[in-house]
Amino acid sequence: MAGNLPQDVQQHSSSIVQPAAGKLPKPASQLVDSHSVSRRLQSELMSLMMSGDPGISAFPEGDNIFSWIGTIKGSNGTVYEGLSYKLTLKFPTDYPFKPPVVKFDTLCFHPNVDQFGNICLDILQDKWSSAYDVRTVLLSIQSLLGEPNNDSPLNSYAAALWSDQEEYKKVMRKQYRDAAALAK
């Protein structure tokens, strides 16, 4: 077949890099440059600021648009009412095709949060969609505070206590106060 190609095409065709066996190039829909990710994050920041959703906020950490600090307040009518939690959000370079890494900075006693602040929430893992945004993530975490998934606990002690809301609230509030005192 190469013999049927013009001479200049034959010379250049031998220099074309083929993907390694079994490794196909990413589809064009998933090729993302950092500039377009930055634009998306800027747009999400404006949308979040304009939304006026009570109890959630987030802003880039300094000049780094890929690293944000968020705040979630416990919803009214839950054991978390009146409490405020700080989170970090780290966005990958292929966001929104991959979810951000979100962790609690403030100690959070919760069935779906471990001692290191990791969160077990399906939309931050296998149920992620590029249609989600920072607002969706923060609202989902805020909702998770009052409605944990005890079938998939990261903190089995918190999951076991959840059915006794009075005892749960005592333990959770004590841990929150202790952590706040240590942070000072």
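- F109 and Y168 have tilted rings, their planes meeting at an angle from 30° to 60° on a 0 to 90° scale.
- Under the rule for a side chain to side chain contact (heavy atoms under 4.5 Å, CB included), the partners of L107 that lie at least two apart in sequence or sit in another chain are Q175, A179.
- Among residues two or more places apart in sequence or in another chain, the side chain to side chain contact (heavy atoms under 4.5 Å, CB included) test is passed with S47 by none.
- Sequence neighbours left out, not one pair with a member in residues 70-86 passes salt bridge (charged side-chain N to carboxylate O under 4.0 Å, His left out).
- The stretch residues 36-62 participates, sequence neighbours left out, in no ring pair (Phe, Tyr, Trp, His ring centres under 6.0 Å) pair at all.
- Nearest heavy atom pair, residue R40 against residue P96, reads NH1-CG, 3.1 Å.
- Residues forming a salt bridge (Lys or Arg N to Asp or Glu O under 4.0 Å) with D164 (at least two apart in sequence, or on another chain): none.
- In plain terms, the two heavy atoms of S75 and Q142 that are nearest each other are OG-CG, 3.5 Å.
- Applying the salt bridge (charged side-chain N to carboxylate O under 4.0 Å, His left out) test to every pair with at least one member in residues 140-149, sequence neighbours left out, gives no pairs at all.
- Checked against salt bridge (Lys or Arg N to Asp or Glu O under 4.0 Å), K169 has no partners two or more places apart in sequence or in another chain.
- For Y132, the side chain to side chain contact (heavy atoms under 4.5 Å, CB included) test picks out I123, W128, S129, T136, with sequence neighbours left out.
- Listed by chain and residue number, nothing satisfies the side chain to side chain contact (heavy atoms under 4.5 Å, CB included) test with S43 (two or more places apart in sequence, or in another chain).
- For residues 149-163, the set of pairs meeting the salt bridge (charged side-chain N to carboxylate O under 4.0 Å, His left out) definition, not counting sequence neighbours, is empty.
- The heavy-atom pair separating L45 from A58 by the smallest distance is CD1-O, 3.5 Å.
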Which side-chain N or O atoms in residues 154-163 pair as donor and acceptor under 3.5 Å with protein atoms at least two apart or in another chain?
unit_1 : atom_1 : unit_2 : atom_2 : d
N155   : OD1    : Y157   : N      : 3.1
N155   : OD1    : A158   : N      : 2.9

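- Applying the side chain to side chain donor-acceptor pair (under 3.5 Å) test to every pair with at least one member in residues 50-70, sequence neighbours left out, gives these pairs: S51-D53, D53-R135, E61-S67, S67-K90.
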